[in-house]
> 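Dumping the structure here so I can ask a few things about it.
All values below come from the heavy atoms of this structure, side chains included, with hydrogens, waters and symmetry mates left out. All chains are named by letter (A, B, ...) in the order of the sequence lines, taking the proteins before the strands, and each is independently numbered beginning at 1.
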Amino acid sequence: MARDLLGRVLVYDDPGGRRAARIVEVEAYLGAHDPASHAFRGPTPRTTVMFGRPGVAYVYFIYGNHHCMNVVAHAPGVAGAVLLRGAEPLVGLGDDPAALAGPGRLGRAFGLTTAHTGMDLVRSPLLIRAGEPVPSSAVSRSARIGIAVSRTSARRWRFTVRGSRGVSR
DNA sequence: CGAATGATCCGA
DNA sequence: CGGATCATTCGA
């Protein structure tokens, strides 16, 4: 579940050193029943990864500028992924949470590209670790941002850590 | 093959 | 509020 990624730690070890950040904002995207999802119209070369094994990265390039990272996560037989939208810097990322507030900024800060798509987030230089769990009282739930469709009140699939400066605006 | 568009960000 | 900027996708 998307909400459970809050508080977990995204770590990336590469030749430049280690970078790590605490995840504070996520959004869930499904497949065939979610018009806002890249997987809505079935698998394509870009999105087949969303139909595959959970726990791997799906990084997409958008608006000619931005790389955004998802964690593939879904029940058997259906597509799904969780978009990482905001984080707080922990290691190697400076000390300004605004630099990680927003999926494009997060991707930029970690140096992510589409080449990271398919990486196993349990065993690879790019991974997600357990972190301090975020209590329900600190989690805020709302409608997803930046999408033109599927903005129904039944789909409030954006989860944020209340009060964190790593949350996008 | 051409055209439209997007899970965004920045600057004015 | 509009422009940047291009990979991906869809229609012809």
Side-chain angles (χ1 to χ4, degrees), chain A residues 1-10 12 19 21-75 78-89 93-119 121 126 128 134 139-162 164-169:
Chain A
M1 181 179 178
R3 178 246 176 277
D4 297 320
L5 280 178
L6 294 180
R8 300 183 79 150
V9 179
L10 178 63
Y12 188 25
R19 285 173 272 202
R22 173 181 181 245
I23 298 166
V24 295
E25 176 179 358
V26 298
E27 283 179 358
Y29 288 87
L30 300 186
H33 300 289
D34 181 5
S37 173
H38 290 170
F40 180 57
R41 294 172 197 282
T44 66
R46 181 178 64 156
T47 64
T48 41
V49 65
M50 283 183 71
F51 295 78
R53 186 162 40 87
V56 311
Y58 163 46
V59 180
Y60 66 88
F61 182 60
I62 190 117
Y63 296 119
N65 283 300
H66 309 288
H67 294 275
C68 305
M69 175 178 169
N70 294 253
V71 178
V72 175
H74 55 77
V78 297
V82 179
L83 174 66
L84 305 186
R85 290 192 54 96
E88 296 171 351
L93 291 166
D95 60 357
D96 182 8
L100 303 182
R105 291 171 178 170
L106 187 57
R108 170 84 43 199
F110 274 85
L112 300 177
T113 71
T114 54
H116 294 90
T117 291
M119 281 192 174
L121 296 171
L126 180 65
I128 290 189
V134 179
V139 174
S140 180
R141 181 174 171 234
S142 61
R144 293 174 295 181
I145 291 193
I147 54 174
V149 294
S150 199
R151 300 184 115 288
T152 106
S153 59
R155 298 190 169 175
R156 297 179 21 184
W157 293 341
R158 175 179 180 243
F159 300 88
T160 63
V161 174
R162 232 170 232 141
S164 170
R165 292 195 48 227
V167 173
S168 70
R169 199 194 73 77

> Over how many whole Å does the gap from Y58(A) atom OH to dA7(C) atom C1' extend?
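In whole Å, dA7(C) C1' lies 11 Å from Y58(A) OH.
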> I need the CZ-C1' distance between R41(A) and dT8(C), as an integer number of Å.
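Roughly 13 Å, once rounded to whole Å.
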> Which part of the nucleic acid does R85(A) contact within heavy-atom distance under 4.0 Å: base, sugar-phosphate only, or nothing?
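Result for R85(A) = sugar-phosphate.
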> Kindly say whether, by distance alone, the side chain of Y60(A) makes a donor-acceptor pair under 3.5 Å with the base of dA7(B)?
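Present.
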> Separation of F61(A) atom CZ from dG6(B) atom C1', in whole Å?
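The answer, rounded to whole Å, is 11 Å.
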> Do you know which of R85(A), R156(A), R3(A), R141(A) makes salt bridge (charged side-chain N to carboxylate O under 4.0 Å, His left out) with E27(A)?
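Considering R85(A), R156(A), R3(A), R141(A), a salt bridge (charged side-chain N to carboxylate O under 4.0 Å, His left out) with E27(A) is found only for R85(A).
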> When you check the gap from the basic side-chain N to the acidic O, do R165(A) and E88(A) get nearer than 4.0 Å?
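Not counted as a salt bridge, because no side-chain N and carboxylate O are separated by less than 4.0 Å.
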> Would you mind telling me which residue lines up with the more 5' stretch of DNA chain C, Y63(A) or T114(A), judged by nearest nucleotide?
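The residue closer to the strand's 5' end, by nearest nucleotide, is Y63(A).
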> Separation of H67(A) atom NE2 from dT8(C) atom P, in whole Å?
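Roughly 10 Å, once rounded to whole Å.
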> Considering only side-chain heavy atoms of R105(A), which listed nucleotide, dC10(B), dA7(B), dC6(C), is closest?
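Nearest nucleotide to the side chain: dC10(B).
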> Identify whether any heavy atom of M50(A) sits under 4.0 Å from a base atom; if not, whether one sits that close to sugar-phosphate; answer base, sugar-phosphate or nothing.
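The answer is base, as M50(A) lies within the cut-off (heavy atoms under 4.0 Å) of a base atom.
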> Taking atom C1' of dA7(B) as reference, at what distance in whole Å does atom CG of L30(A) sit?
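Value for this atom pair: 13 Å.
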> Ring of Y29(A), cation from R144(A) - is the NZ or CZ under 6.0 Å from the centre and inside 45° of the axis?
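Yes, R144(A) sits over the ring of Y29(A).
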> Please report, rounded to the nearest Å, how far the P atom of dC10(B) is from the CZ atom of R169(A).
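It works out to 12 Å between those atoms.
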> Look at all strands and tell whether L83(A) reaches a base, only sugar-phosphate, or nothing, counting heavy atoms closer than 4.0 Å.
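The residue L83(A) makes base contact.
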> Check whether any side-chain nitrogen or oxygen of R46(A) sits under 4.0 Å from OP1 or OP2 of dT9(C), and answer yes or no.
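Answer yes for this pair, as a side-chain N or O of R46(A) is under 4.0 Å from OP1 or OP2.
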> Measure the distance from CG on L100(A) to P on dT8(B) and round it to the nearest whole Å.
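Answer to the nearest Å: 16 Å.
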> Of all the nucleotides listed (dC9(B), dA7(B), dT5(C)), which has the minimum atom distance to the side chain of H38(A)?
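Nearest to the side-chain atoms of H38(A), counting from C-beta on, is dA7(B).
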> Would you mind checking if R105(A) and D96(A) are paired as a salt bridge, meaning a charged N to carboxylate O distance below 4.0 Å?
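Looking at D96(A) and R105(A), the cut-off is not met.
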> For the side chain of T44(A), starting at C-beta, report the closest nucleotide among dT9(C), dA7(C), dT8(B).
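Of the candidates, dT9(C) comes closest.
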> Give the nucleotide from the list dC10(C), dT8(B), dT5(C) with an atom nearest to the side chain of N65(A).
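Nearest to the side-chain atoms of N65(A), counting from C-beta on, is dT5(C).
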> Between H66(A) (NE2) and dT5(B) (P), how many Å, whole number?
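Going from NE2 in H66(A) over to P in dT5(B) covers 19 Å.
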> What contact category does R144(A) fall into here, base, sugar-phosphate, or nothing, at under 4.0 angstrom with non-hydrogen atoms?
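R144(A): no heavy atom of the nucleic acid under 4.0 Å.
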> Is R158(A) near enough to dA7(B) that one of its side-chain N or O atoms lies under 4.0 angstrom from OP1 or OP2?
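It does not, given that no N or O in the side chain of R158(A) lies less than 4.0 Å from OP1 or OP2 of dA7(B).
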> Tell me if the centroids of the rings in Y12(A) and H116(A) come within less than 6.0 Å of each other.
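Y12(A) vs H116(A): aromatic centres under 6.0 Å.
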> Once you apply a heavy-atom cut-off of 4.0 Å, does G104(A) come out as touching a base, just sugar-phosphate, or nothing?
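Sugar-phosphate, backbone atoms only, no base.
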> Hey, can you tell me if Y60(A) and Y58(A) have their rings parallel, tilted or perpendicular (30° and 60° cut-offs)?
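Correct class here is tilted.
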> Taking the side chain of Y29(A) as heavy atoms from C-beta outward, which of dA7(B), dA4(C), dC10(C) is closest to it?
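Among the listed nucleotides, the one closest to the side chain of Y29(A) is dA7(B).
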> Tell which nucleotide pairs with dC9(B), taking only Watson-Crick or G-U wobble pairs whose two distances are both under 3.5 angstrom.
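Answer to the pairing question: dG3(C), which forms a Watson-Crick or G-U pair with dC9(B).
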